[in-house]
Amino acid sequence: MKEFDYSQVKHYKMYNFIKTIFRPLVKIVYKIKFKGLENIPKDQNNYIVAINHTCALDPIFVACPKDVPPLHFMAKAELFKNPFAAWFITHMYGFPVRRGKGDTSAIEYGEKIINEGHVMAICPEGKRIKDKDGVPQKAKAGVAVIAKATGADILPVAICCNGKIKAGKKVVVSYGKMIKNSELGLEGDDVGMRAIKNAANMVMDRITSLWEAEKNID
C-alpha cells in the first residue's frame with residue numbers, strides 16, 4: 001500500500017460534496033434517527049468525537065447532520081491496501097492505523113488534527129464489536145492518550161441498532177454532552193497508565209449509557 005502522508009493535515013473538497021449527495025440516501029436506507037443534536041458544539045472545533053464501533057459506516061452515520069464538521073477518523077490499515085479504497089477513504093478524511101502494533105504515527109497524526117483546530121473521530125474500543133447485540137466493549141487507551149496530549153474535550157456518541165446493522169433497519173445515533181478535558185483526570189505531568197485507562201473507561205461509560213437508553217428501539 002502507498003504510504004500515508006502523516007506530515008500534514010490536508011483538505012479535500014470531495015468530503016462536503018459526498019456528504020451533501022449521500023446524506024439523504026443514508027438516512028433513508030438505514031432509517032436513521034439522530035438524538036442530542038443540541039450537544040454538538042457550534043463554536044468549537046478542536047475536539048474528539050468518541051463512537052462505539054458497530055460497523056464500517058460509523059463515521060458516516062455520525063457525520064451526517066449538517067452541524068457536524070468534517071470528521072478525521074482512524075481506519076484499519078488493511079483498508080488502504082486497495083488503491084481506490086485508499087484514495088476514497090483519504091479524501092473522506094480517514095487515515096490508517098495499524099491495530100495492535102503500537103502505531104505511534106496514527107496517534108501523533110491524531111494529535112496534529114486536534115492541535116490544528118480540526119475534529120477527530122475515534123472508536124475507543126479499537127475494533128468492531130462482535131457481540132451480536134452490539135453491546136459496547138472496553139476502551140483502549142488511545143482516546144485518552146490523544147486527549148491528554150492535546151487538552152481536547154470529548155463528545156461521546158452512541159450508535160444503536162436492534163441487532164446487526166443492515167439496510168432497512170432502524171439506527172439511532174445519540175450525541176451526548178461534551179466531556180470536558182478537566183473531567184478526565186489527565187492534568188499534570190505525572191499522569192500514569194492507570195489514570196489514562198480510567199479516563200478511557202469514563203468515555204466508554206458515557207457512550208454505553210447513551211447506548212443503553214436506546215437499546216430497545218424497534
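Note that the structure is a prediction, hence the values are computed from the model and not measured.
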Checklist line | Donor-acceptor contact present, side-chain N181 to main-chain A147, <3.5 Å | finding: yes

Check: Looking only at atom types and distance, does a side-chain atom of K19 sit under 3.5 Å from a main-chain N or O of A63, one as donor and one as acceptor?
Finding: yes

Would you say [X] and [Y] make side-chain contact, with heavy atoms under 4.5 Å?
| X | Y | value |
| --- | --- | --- |
| T54 | K164 | no |
| T150 | N46 | no |
| L210 | P156 | yes |
| S105 | F95 | no |
| V145 | I196 | yes |
| M14 | M92 | yes |
| F61 | C55 | yes |
| F73 | V62 | no |

So how far is it from [X] [atom1] to [Y] [atom2], rounded to the nearest 0.5 Å?
| X | Y | atom1 | atom2 | result |
| --- | --- | --- | --- | --- |
| K140 | N201 | NZ | CG | 11.5 Å |
| N82 | I89 | CG | CD1 | 8.5 Å |
| I51 | D58 | CD1 | CG | 6.0 Å |
| T104 | R98 | OG1 | CZ | 10.0 Å |
| I32 | K27 | CD1 | NZ | 8.5 Å |

Next item on the list: Determine the interplanar angle of the F4 and Y109 rings, folded into 0 to 90°, and report it as parallel if under 30°, tilted if 30 to 60°, perpendicular if over 60°.
Entry: perpendicular

Check: With under 30° as parallel and over 60° as perpendicular, where do the rings of H11 and Y93 fit, or are they tilted in between?
Finding: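 H11 and Y93: perpendicular rings.
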
Solution key, residues 118-127 side-chain donor-acceptor pairs under 3.5 Å, sequence neighbours excluded:
from, atom 1, to, atom 2, distance (Å)
E125, OE1, H53, N, 2.7
E125, OE2, Q137, N, 2.8

Checklist line | Derivation and outcome, salt bridge (Lys or Arg N to Asp or Glu O under 4.0 Å), residues K33 and E214 | finding: CA-CA 11 Å; K33 181 177 182 180; E214 305 297 337; over 6 Å; no

